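Here the structure is a predicted model, which means the values were calculated and not measured. In what follows, chains carry the letters A, B, and so on, assigned in the order in which the sequence lines appear, proteins first and then strands, with residues in each chain numbered from 1.
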There are 4 protein chains.
Amino acid sequence: MNESSQTSSKAGPRAPRRDRGHARVEVLLSAAAQVFADKGYEAATTTEIAAAAQSSIGSLYQFFPTKQAVALALIRQQSADLGARLAAMAEASAGWDVDEVARRLAGALVDFRASHPSFARLIDTPGAPEAVVLDVRRGMRLQLAAILAPHAPALGRARLMAVAAVVQQVMKSAVALNDDPAADNPSAARAALAELREMLRVYLGAALA
Amino acid sequence: MNESSQTSSKAGPRAPRRDRGHARVEVLLSAAAQVFADKGYEAATTTEIAAAAQSSIGSLYQFFPTKQAVALALIRQQSADLGARLAAMAEASAGWDVDEVARRLAGALVDFRASHPSFARLIDTPGAPEAVVLDVRRGMRLQLAAILAPHAPALGRARLMAVAAVVQQVMKSAVALNDDPAADNPSAARAALAELREMLRVYLGAALA
Amino acid sequence: MNESSQTSSKAGPRAPRRDRGHARVEVLLSAAAQVFADKGYEAATTTEIAAAAQSSIGSLYQFFPTKQAVALALIRQQSADLGARLAAMAEASAGWDVDEVARRLAGALVDFRASHPSFARLIDTPGAPEAVVLDVRRGMRLQLAAILAPHAPALGRARLMAVAAVVQQVMKSAVALNDDPAADNPSAARAALAELREMLRVYLGAALA
Amino acid sequence: MNESSQTSSKAGPRAPRRDRGHARVEVLLSAAAQVFADKGYEAATTTEIAAAAQSSIGSLYQFFPTKQAVALALIRQQSADLGARLAAMAEASAGWDVDEVARRLAGALVDFRASHPSFARLIDTPGAPEAVVLDVRRGMRLQLAAILAPHAPALGRARLMAVAAVVQQVMKSAVALNDDPAADNPSAARAALAELREMLRVYLGAALA
DNA sequence: CATGAATGAGTTTTCATTCAT
DNA sequence: AATGAATGAAAACTCATTCAT
């Protein structure tokens, strides 16, 4: 899926020649996901990542030239995963009505961010290389647009992309509401999330009409 | 609420007792705002803040016991400012219809975040002390609720707070769209913002009805 | 008593012209005694000393040119006090037998160190200027010798000074035993002190015979 | 007792896993001994210790998490050494009379402190963690008691510990007399030391009788 | 004299990255 | 490849001392 594009990339992991190395890379990346999710990009240390992967600092640098490269590989991996989910949804969404699209989108993206907690941290935080982050964001918007397009044949390209951008932001908000224990009580958090879903439904209903 | 009790606070600035001290604190805080806005909390250095304020590092630590205290003081100062703006809006909003409320809210908050670029960085970033950040967020939600309440007399308290939480997230999204040069071109950014405003209008229209 | 010698000293407090200044110096010195006793010379800060004296650093430096000068003045003051006590004892000791001399010496010196806790810290610690410390120690030995001499007319000068040096060390030990909560229980500390007194008694009995 | 569990200790050195690491730790510790002996705990700097060990500051912190940990490791190392000497003496002392015990004890402990000049500085100074220091002192008293016990079968446990505590203080005094160039001349220092030895002899003769 | 702000060299500690084994 | 030691620039923070008011 991505073995050819990754190898040619400047900052990606060096191509491991053997399965052992490949496995090590995977372990390192999931350790990195843990640590980045817990502490954020800046506060995470390469030593801690290596330790969490039961590996040594030397090993980590065998596969990743810099700390940034680790974050980058992680972003690429996770955004590929996200891309696959959105692609699947694009195929399935043909028969849905707008309400269902709204509901499914909300569900899918909240799920994704919940199961990839480092994703938000890395993508909304300084430290990760701008260019890649922007690419990922644009890619996601394009996929959202692809999902929305069939339900709004009348919308121009520009307007469609604007809608996609708004939907993307709503997704981010969902995660924020989920994480923030600031709501006076857990039920308040749930209520806010329901409210957000409602906003998306109403809005898409109006925008795609 | 807390503008008078700063001295007794654990991590607040040491109260200056001379005019020169007050002036220095102001200069330091605006330098800090610059630097935090540019680099984020972690990457900002106290040395750089002091230099930007044309003072020595010793002077900074004369008034702020830690780097975190600087961020804190900044958050408090700026959230007091935001609070004042929302309070003013609450008074003026009596005669507005829902559409106008949506428009004004969007305008005010986007303006605020645009003129206080460090605010978002500090409040959405680890490093700032959780308790204060949560307080600020809750305070803002309460003020939003106060603005919305008169236009939705039928809404229960819980529902109202959920709506306020959603509006708060929309505001954050507006800033993100504003900052993110990811949109393919400047006009796309403007379109997305307009779209966001539209979402708010439609949503508030439905929710407050 | 000491107003003329102190003024001429290079590092002593500047002669205060007024009573107000004089009082301030006293307060500063007793604050310094507190702080030095608590933290030792190095860890004590001039700011803390000034604060403990309800004064400002500026004021402290009005009277003492350096931190070392504060310690010095304190040592001088306290050793003058000690000197007075020993002088008094020298006069009174004519009629005592050796046992009584031992008992009184032990009592007097333990008392003194207990009521001047900073003395030991400053005199046994680096930081205080060597020359003064050595002077103080020598002075104390001379006074001890003066007390002991009448009870050991046969002893040569050199031997007498050696005995005085040993007695001085025993005094220091008494303080150490007093302070050290290492003894398994308080009664053990008392037992050790009694033992020390016994050692002094036996030893002086033998040495002065 | 504690020679095997260093790794699990909270503030101990990180265990080196390579020969090079072990060697480096040794070098660092002896450099630290030098510097601590010269300047005392507070005035010694980690930078200077690293330089004296011809390593980088980073290497020091690779093995010791804090400056205090360096002092701690040194105390532990040296007190283990001292413990071994005392243990050896305990075995050999069976056939000695009290005079010989006094002489040998004095000799051994003065020797030890003379060859480990940092020991006294660290153990009598604030900065070293209290708990460890107290442990070391208690251990030493126990060993002294073990040496003295056979020569005073009639002494109760409590009395024996008190005697041991006194002997310990005498040892400290010996070092102080040794170090202190305050005596009017070198021969005076020697005389005082001889006098101290005499005190110990007389005292132990009386106490153990 | 009193006060508290200003200064900056110096201290401990961290951490990404490189190297030797 | 794997490991862990080596490195040193850089960061946060301290504190004796000087200065302006």
### Task
Calculate the interatomic distance between A:Q54 atom CD and F:dG4 atom C1'; express it in whole Å.
16 Å

#### Entry: salt bridge (charged side-chain N to carboxylate O under 4.0 Å, His left out): pairs with one or both residues in residues 53-64 of chain C, sequence neighbours excluded
none

## Note on the structure
Writing each nucleotide of DNA chain E 5' to 3' as (, ), [, ], | or . by Watson-Crick or G-U pairing under 3.5 Å yields .||||||||||||||||||||

### Message
With a 4.0 Å cutoff (strictly under), does any side-chain N or O of D:S59 reach OP1 or OP2 of F:dT7?
### Response
yes

#### Entry: Exercise: identify the closest heavy-atom pair between C:V132 and C:L72
CG2-CD1, 3.7 Å

Give every donor-acceptor pair under 3.5 Å between a side-chain atom in residues 43-57 of chain A and any protein atom, sequence neighbours left out.
residue, atom, partner, partner atom, Å
A:T45, OG1, A:E48, N, 3.0
A:E48, OE1, A:K39, NZ, 3.4
A:E48, OE2, A:K39, NZ, 3.1
A:S55, OG, A:R24, NH1, 3.0
A:S56, OG, A:S59, N, 3.3

### Query
Who passes side-chain hydrogen bond (donor to acceptor under 3.5 Å, both in side chains) against D:Q34, sequence neighbours left out?
none

### Message
Using modelled atom types and a 3.5 Å cut-off, is there a donor and acceptor pairing between side-chain atoms of D:R14 and backbone atoms of D:Y61?
### Response
yes

### Message
Using side-chain heavy atoms (C-beta onward) and a distance below 4.5 Å, is B:Y41 in contact with B:K67?
### Response
yes

### Task
Applying side-chain contact (heavy atoms from CB on, under 4.5 Å), run through D:V70 and D:L74 and close with a yes or a no.
CA-CA 6 Å; D:V70 178; D:L74 203 53; 5.7 Å; no

### Query
When rounded to the nearest 0.5 angstrom, what is the spacing between CG in D:L60 and CG in D:L28?
5.0 Å

#### Entry: Between F:dA2 (C1') and A:H22 (NE2): distance, integer Å
19 Å

### Task
Quickly work out the B:F64 CZ to F:dT14 P distance and round it to whole Å.
15 Å

### Query
Are any non-hydrogen side-chain atoms of A:S79 and A:F119 less than 4.5 angstrom apart?
yes

### Query
Does any non-hydrogen side-chain atom of D:R121 lie less than 4.5 Å from one of D:H116?
no

### Query
In residues 28-35 of chain D, what residues come within less than 4.0 Å of DNA chain E, judged by heavy atoms?
none

### Query
Just how far, in rounded Å, is C1' of F:dA5 from CG of D:D19?
12 Å

### Summary
Of all heavy-atom pairs linking D:F63 and D:P16, the shortest is CE2-CB, 3.6 Å

### 5′-ward residue of the pair B:L60/D:E48 relative to DNA chain E
B:L60

#### Entry: Interatomic distance, B:Q62 CD vs F:dA16 P [rounded to whole Å]
13 Å

### Query
How does protein reach along nucleotides 13-21 of chain E, written 5' to 3' as B (base within reach of a heavy atom under 4.0 Å), S (only sugar-phosphate), or - (no contact)?
BBSSBB---

